[in-house]
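Per chain, numbering begins at 1; letters A, B, ... match sequence-line order. Small disclaimer: the values here were computed from a predicted structure and weren't measured.
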2 protein chains.
Amino acid sequence: MNKLRTVIVDDHPIVIEGLKTLLKNEDNLEVIGGFSNGTQLLSYLERNPVDLILLDVTLPDIGGMELCQIIKAQFSATTILILSNHTERSIIMQTIQNGASGYLLKNSSLDELRQCIASAVTGNICYSKEVVEIISRPTKNQLRNTPQLTRREKQILSFLAEGKTSQNIAQELFLSPLTVDTHRRNLIQKFEVKNVAELIAAAHQQQLL
Amino acid sequence: MNKLRTVIVDDHPIVIEGLKTLLKNEDNLEVIGGFSNGTQLLSYLERNPVDLILLDVTLPDIGGMELCQIIKAQFSATTILILSNHTERSIIMQTIQNGASGYLLKNSSLDELRQCIASAVTGNICYSKEVVEIISRPTKNQLRNTPQLTRREKQILSFLAEGKTSQNIAQELFLSPLTVDTHRRNLIQKFEVKNVAELIAAAHQQQLL
DNA sequence: TTTCATCTACTGGTTTTTCGGTATTTTTTA
DNA sequence: TAAAAAATACCGAAAAACCAGTAGATGAAA
């Protein structure tokens, strides 16, 4: 097998250099480029085949998330590993949902990086130890008690998320609009929110939609 | 190292038996129990230490998601691997967020199961090949073009998600309520939705919140 | 069987959103 | 620097949501 053609994308040139040095002696990959923003990377990808991208999420021009999507859409054979300092679970999950094959914190050991690269190029998704902990740690949302919804309430909640009015919902469920109104108000109370907009946001955060 | 004390939870007794047979000859684990619902499992866990749980998501009494959370909260040393037929990405992501160490489809090979078990008990998160594909595949939402929002619109979108009214927002941003109104209407147009409730739902699905 | 949760429905009034326009100023970008 | 995009602001009317409170019917569990 040929060496993995690898590029590094980070807005700190020092990080790029550091990684290059660290990976210099790896015999299964070769760093063939380093870029400090997304535009540069994309125009490089247009002309050169790349097997592996070590990508930071915070870039000056295009966000790492968007970049992931774009790369995966246009160059689906390329593997993306995120190297970042962000420890928020939502960011990690988003990068994975956007096609990244793994997520490491920048303080990961070279050994972890090696392992993740090896795992990622064979099609797995790989996280560094610390990242696994973050992912598995319950969210604040999950800690604070999720309101207990009745069947009807769940039903009406999902209708509301579809932008339906009380009238609409009442018609579909053969109820009085006033009843639907009551349910909506109970939902708003249970979630301790101000209106339906916030209700939908809260329900989404607690993965009820 | 002692053998991994393993239990299987599935509402189909056949699956339990099948897995038991398959895993009989593994020398690093021992199946010490099989349950067909969540309540049975939980009361067993109260009395017996368990290292590994092979868990189905669809159970008659408690959902696999909830079960994951409960187990991780009370018996954090126990590793959970999900064995399921559900191929929806959201379900997979949710089980992981709830503390599962991996997700396999029921048609996975014994080899994949072995690998995932090995990987999971050392603290990694592991998916079977097919599951990796599901996770990495872009969502429909991501395929249909995400509306291009201006800075102001993003700002007002997030305020709306907090349940603020036009008046509130106008005050905070030192704008006329009428201006905020216009922005809100533009947002609703861009997302092609009927009202703010649906707007928030759509924005959430496209990970803009 | 009684109690509790849920579902249903109402009154009446206030606030907010939504719809369909228009229009000026500021900022960006080609 | 001209054109395009974004941000600002307005009007009026209708629709819908929100608030506060009440209350009968139903069904499940203790």
Side-chain angles (χ1 to χ4, degrees), chain A residues 37-39 42-43 60-63 66 145-204 208-209, chain B residues 37 39 60-62 66 145-204 208-209:
Chain A
N37 65 59
T39 320
L42 286 174
S43 68
D61 51 351
I62 317 173
E66 268 180 86
N145 52 333
T146 303
Q148 198 63 32
L149 301 187
T150 68
R151 197 174 312 151
R152 224 8 161 205
E153 283 167 347
K154 281 180 198 163
Q155 199 177 18
I156 282 169
L157 175 60
S158 71
F159 277 120
L160 288 172
E162 288 169 25
K164 301 208 165 110
T165 66
S166 292
Q167 266 92 339
N168 293 160
I169 298 170
Q171 273 172 15
E172 288 201 44
L173 299 178
F174 306 104
L175 293 174
S176 157
L178 298 161
T179 304
V180 178
D181 223 68
T182 305
H183 285 305
R184 193 189 36 231
R185 264 160 58 216
N186 290 339
L187 280 165
I188 287 173
Q189 267 203 338
K190 282 193 181 181
F191 278 84
E192 294 173 28
V193 292
K194 289 190 280 298
N195 54 33
V196 171
E198 199 183 353
L199 170 69
I200 303 297
H204 245 291
L208 296 170
L209 282 174
Chain B
N37 65 58
T39 320
D61 50 353
I62 317 174
E66 267 179 272
N145 52 333
T146 304
Q148 197 64 32
L149 301 187
T150 68
R151 197 172 311 150
R152 228 358 163 213
E153 283 167 349
K154 280 179 198 163
Q155 200 176 17
I156 283 168
L157 175 62
S158 71
F159 277 120
L160 288 172
E162 288 169 23
K164 300 204 166 117
T165 67
S166 293
Q167 266 91 339
N168 293 160
I169 299 170
Q171 273 172 15
E172 287 202 47
L173 299 179
F174 304 104
L175 294 173
S176 156
L178 297 160
T179 305
V180 178
D181 221 67
T182 306
H183 286 303
R184 193 193 31 235
R185 263 159 60 214
N186 290 338
L187 280 165
I188 286 173
Q189 267 202 338
K190 283 193 180 178
F191 278 84
E192 294 173 29
V193 292
K194 289 191 280 298
N195 54 32
V196 171
E198 200 183 353
L199 170 69
I200 302 297
H204 244 291
L208 296 170
L209 282 175

Rounded distance (Å) that lies between atom C1' of C:dT17 and atom CG of A:N168
15 Å
When rounded to whole Å, the CG to P distance for the pair A:D181 and C:dG12 reads 16 Å
Specify the separation, in whole Å, of atom CG of A:L173 and atom P of C:dC7.
12 Å
Listed in order of residue number, which residues of residues 152-161 of chain A have a non-hydrogen atom at under 4.0 Å from DNA chain D?
none
Take atom CD in B:E172; do more than 12 heavy atoms of anything else shown fall under 6.0 Å from it?
yes
Do B:T182 and B:L178 come within less than 4.5 Å of each other through their side chains, counting heavy atoms only?
no
DNA chain D: B:Q148 or B:F174, which has the more 5' nearest nucleotide?
B:Q148
What parts of residues 194-204 of chain A reach DNA chain D, counting only heavy atoms under 4.0 Å away?
A:N195, A:V196
Applying a 4.0 Å non-hydrogen cut-off, can you work out what A:S166 is touching in the nucleic acid: base, sugar-phosphate, or nothing?
sugar-phosphate
Verify the contact: side-chain N or O of B:Q167 to OP1 or OP2 of C:dT16, cut-off strictly under 4.0 Å; return yes or no.
yes
In this structure, how many angstroms lie between the P atom of C:dT17 and the CG atom of B:L187, rounded?
13 Å
Counting any heavy atom closer than 4.0 Å, what does A:T179 reach on the DNA or RNA strands: base, sugar-phosphate only, or nothing?
base
N/O donor-acceptor pair under 3.5 Å between A:N195 side chain and A:E198 backbone
yes
With a 4.0 Å cut-off on heavy atoms, is A:R185 in touch with a base, just the backbone sugar-phosphate, or nothing at all?
base
Distance, nearest 0.5 Å, that separates CD of B:Q171 from OG of B:S176:
11.5 Å
Are any of the side-chain heavy atoms of A:R152 and A:L175 separated by less than 4.5 Å?
yes
Between A:L157 and A:L149, is there a side-chain heavy-atom distance shorter than 4.5 Å?
yes
In whole Å, what is the span from the CD1 atom of B:I188 to the C1' atom of C:dT18?
7 Å
Hey, does the side chain of A:K194 reach the backbone of B:K164 with a donor-acceptor pair shorter than 3.5 angstrom?
no
Let me confirm one number: the CD-CZ distance from A:Q189 to A:R185, rounded to the nearest 0.5 Å.
8.0 Å
For the NE2 atom of A:H183 and the NZ atom of A:K154, what is their distance to the nearest 0.5 Å?
14.0 Å
Starting from C1' on C:dG20, measure out to CZ on B:R184 and report it in whole angstrom.
15 Å
Just by modelled atom types, is the A:T165 backbone N or O under 3.5 Å from a matching donor or acceptor in the A:N168 side chain?
yes
Only one of B:I169, B:V196, B:T179 clears side-chain contact (heavy atoms from CB on, under 4.5 Å) with B:R184; which?
B:V196
Separation of B:Q189 atom CD from C:dT18 atom P, in whole Å?
13 Å
Have a look at B:S166 and tell me which of B:L160, B:V180, B:I156 forms a side-chain contact (heavy atoms from CB on, under 4.5 Å) with it.
B:V180
Going 5' to 3' on DNA chain D, which nucleotide is the first and which the last to come under 4.0 Å of a heavy atom in chain B?
D:dA6 to D:dC10
Taking CD1 from B:I169 and C1' from C:dT17, how many angstroms apart are they, rounded to a whole number?
12 Å
